[in-house]
Amino acid sequence: MPYDFGTIESKWLQRWEKDKIFQPTETGKKYLLTVPYPYANGALHIGHGRTYTIGDIMARYLRMKGYNVLYPMGFHISGTPILGFAKKIEKGDRGTIELYKSYLELYGDNPDLIKEFSKPENIANYFANKIISDFSNMGFSIDWSRVFNTGEPIYNKFIEWQFRKLFSMGLIKQGDYPILYSIVEGNPVGEDDIADGDVDKVSILEFVTVLFKFGDKYLGASTLRPETLEGVTNLFVNPDRKYVIIELQGKKVVVSKGAAEKLQYQGEIKILEEIDAKELIGKEAAEPLHGRSIPIFGAKFVDTDNATGIVYSVPAHSIQDFLALKDLGIEINPIQVIGGINENVEEVIRKFKISSIDETEKIDEATKYLYEMEFYHGIINKGKYAGKWIRDIKEEIKNDYIREGIAFIFYETSRKAVTRDGDKVIVAIIKNQWFLDYSNVQWKEKVRKLLEKMELKPESLRNQFMQVVDWIRERPCARKRGLGTRLPMDRNWVIESLSDSTIYPALYTIIRELREMDFDEIDDEIFDYIFFGNGELKGKSDRTVELSKKARKEFEFWYPVDWRHTGYPHISNHLTFYLFNHVAIFPENYWPKGISTGGIVLSEGQKMAKSKGNVVPLLTVKRKYGADLFRLYFATNADVWYDVDWRSSEVNMMQKKLEKFYEYLTNATNYKDEPEERDLWIIGKFNERLKRADDAFKEMRIREAAVELFYNMLNDVQELESIAGRDRTMRAIRKFGKEWALSLSPIIPFISEEVNEIYGGSSYASLSPYPNYNDNYKSILEDWEYVEDLLEDFKNITKIYPNKPNKMKIYLAEDWKKEVLLEFNKLGLKDFMKSATPEQREFILSVIKRKDAKNLRINVDELKVLEMYKEDLENYLKIKIEIMKTAKDEKSKKALPGKPAIILE
RNA sequence: GCGGAGGUUGCCGAGCCUGGCCAAAGGCGGCAGACUCAAGAUCUGCUCCCACAGGGGUUCGCCGGUUCAAAUCCGGCCCUCCGCACCA
């Protein structure tokens, strides 16, 4: 029977669906296992597939172990990406249209459907449906009756309830916040709105603009390194550019024209008049710390489109400044303000072999090097902060300068950026931005308490989470645009996409009841009742009360989440928020019980990226190889927590093995005769491997389980076949084939179902109990392992035997040796030596010198075993075998109990 | 700098927790053989060095230590990657 995965997989999919076997009811030992829902903006790739595969393998394993497993999922559509794509499609953006047409083609749909995608909800719905079918096809044992997406009204109500709750607990705050912004659009812009925003990220830099007194005005010079202010020697302005005087906090400040424009979006300023750079150059200004007068030079390298367009120069700690002064031929003595480091600017310049101020790449590299060295190892050695580590004091210095009124913050983009329409991107300050206050001390304490007792895999997660909890602070939780739920406290805001996805696993448990309710009746009271058992539900319809009671029962049954699995990039964001929000909203008995993180998927050795063109869609893989093979690949290729490389050459190799496995199992049922006694060791092997795999599964060491049950077991069977031949092998397989298939059911569920059926197994393999270890075959296995040792020895000897041997004489050890060994094992070295004869002593000493001494199979009835396998061995090795009881010459005297001497002739 | 993960025989990658059948799984690559007109595919064997009898030698980033015994445990050091950091 050839392995036709297409037919097999669709057959079982239909049956599973028809019998709804993955829709559990509230009975038995529950287990709620979740994986974060995917973002439904495109076809999923094998990376998503891996995460869900791991979840599914555990779900299936636990189900077979007797747990009532609920493995639900939903879809994420919050945020800007889907909205952005829809807009771009509407505008006719060619790249986006091509991308989405390629998705439509991938799914075999008419590319003209692209028109529909100008509506975001159509994109979301289209892909949600495709993902459901993709994931079903992968064999994921998901309960599809509980699906929802984050844009639905019910979800919105749930999130509104959550946010009102958080607000009432004082965990939501408001404040000013800098954000990337387009002046032309009059709107904040996200990564997706910025040209090349995905490949070259834009972040927000916080410059400190220091005020240098200049007559009745000030020059605003911007820096990222306020800690070097003590070392300032001069100012630079660009002689060719326009500057203006603005009024800021009652002071007249000179900044570049461009800077003034940006500053209008960052605070209250007034633009007074233009001022020519020539009016500044050659004059002096006073630095604010000591009133020291320093010269103002003109320099064309000063970029007036970066920060304020005026920079202060610290040649002792800036490569750029040092080179600039040298370039201008100005001699100024650098002022060292940082100690504790071994290299100064000049040495770094030499180290990086910089010869000119135009070598910007080298300069950037050297600057980074110098900065990191000074930041991590440097100590201030001048001024009032002398003696402090820079890494400790930098923040304080900045705050002090601002408080003293000698500096203000200027936000700037980390690179020059424009929107996809070509409009300039700047940083604007948003007033009254809403934050989730993750800096709240009591809140953090609760999370730490949870972390202490949670199950985490790998264990190192605990420390990582603790770190994140330590440094996490306020997080903006709402935006002005995007899909999602409106903030209940202020409907102009939409709750941001990571903030609306924290406690939603709770919704899986009750979504079915909510859907049956009269939508208008769903309010906070209902949620309070379902989740906390609070309230009487007075004034609600009987039906809604009834459904609420049912939902309450469901929630109480399924919650908390027993396990959550996802990729490690989520540790410092989603998973942390997941913990924070759970401890805030729910009582302790509903806090999450376990989390694991998995590695990412590489494609042919590289990170998957659209730009590299190596993204492998899940659907393609399913069509080409089938779900079982995909699952098996990820199960065997790396442990859950490590990255995995998807390599087509290895997939092909595995495909052949899987075909072989399937062929063995299905054909074996045609062999009706009982297996031979001497071949039963294979069942012993299987049981041994089963036990190891079972232990591994329990610890989520999926790879180990898969390797034992699939690879190693397949090798054992092939070994049996090469010795015993096809017929006997198949008869032996028939005896344990069903258990073998069942044991692998969590990993390759379709083949397991098929084999289970062929073997006349009852019900579904997916719902069968996991096979139990059976030790009936232990002794025959040990006999066989004795033979394996013999084969190993034979192979070793033939390697160095000069001719082709015709005959193998096997000499067993004299009986007394075994007795002596047993005696020795009983007494131990000390006592044995007391009573032993010189000959016995010599023998024992020679044995313990051997490194394999402990592994002698002294309990095997060697003669019986050798007689049993003699014929097989003769055929296999193509050699005559003689078994001799007594040793005569030197070589044969080396025979030990469990390790006979071999003489080739 | 903090936190994490690593450094294994040509490459990828197991083993390390629970020290000893570990010269170290598996795959790739390479070599030889079978099959074939040939190539490919497939199968078999070999693939650290030495050795015409199951042996010996040198290996698991580096240096020490513990132990009868260390890839595995302990201490120190070097290097790589990832996350974080008003980082450029």
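Below, chains carry the letters A, B, ... as their sequence lines are ordered, and counting in each starts from 1.
Regarding contacts with the backbone of B:rG3, every side-chain N or O of A:N463 stays at 4.0 angstrom or more from both OP1 and OP2. The shortest distance between the side-chain N/O atoms of A:K656 and the OP1/OP2 oxygens of B:rA41 is not below 4.0 Å. For B:rG3, neither phosphate oxygen OP1 nor OP2 lies less than 4.0 angstrom from any side-chain nitrogen or oxygen of A:S460.
Between B:rA71 and B:rA24, the two C1' atoms lie 8 Å apart (nearest whole Å). A distance of about 22 Å separates the C1' atoms of B:rC82 and B:rC77, rounded to the whole Å. Taking the P atom of each, B:rC50 and B:rA39 are spaced 30 Å apart, rounded to whole Å. Remark: the separation of the C1' atoms in B:rC16 and B:rC22 is 12 Å, to the nearest Å. Comparing the C1' positions of B:rA32 and B:rA25 gives a spacing of 24 Å, expressed to the nearest Å. One C1' atom belongs to B:rC21, the other to B:rU72, and the distance between them is 16 Å to the nearest Å.
Note: OH (A:Y568) to P (B:rG4) measures 16 Å, nearest angstrom. One atom, OH of A:Y642, and another, P of B:rG26, lie 21 Å apart when rounded to the nearest Å. Rounding to whole angstrom units, CG of residue A:L632 and C1' of B:rG27 are separated by 14 Å. Straight-line distance from the CZ atom of A:R701 to the C1' atom of B:rA25: 16 Å, rounded to whole Å.
The pair A:K698-A:E455 does not meet the salt-bridge criterion, since no charged nitrogen lies less than 4.0 angstrom from a carboxylate oxygen.
The residue among A:W471 and A:D645 whose nearest nucleotide of RNA chain B is located toward the 5' end is A:D645.
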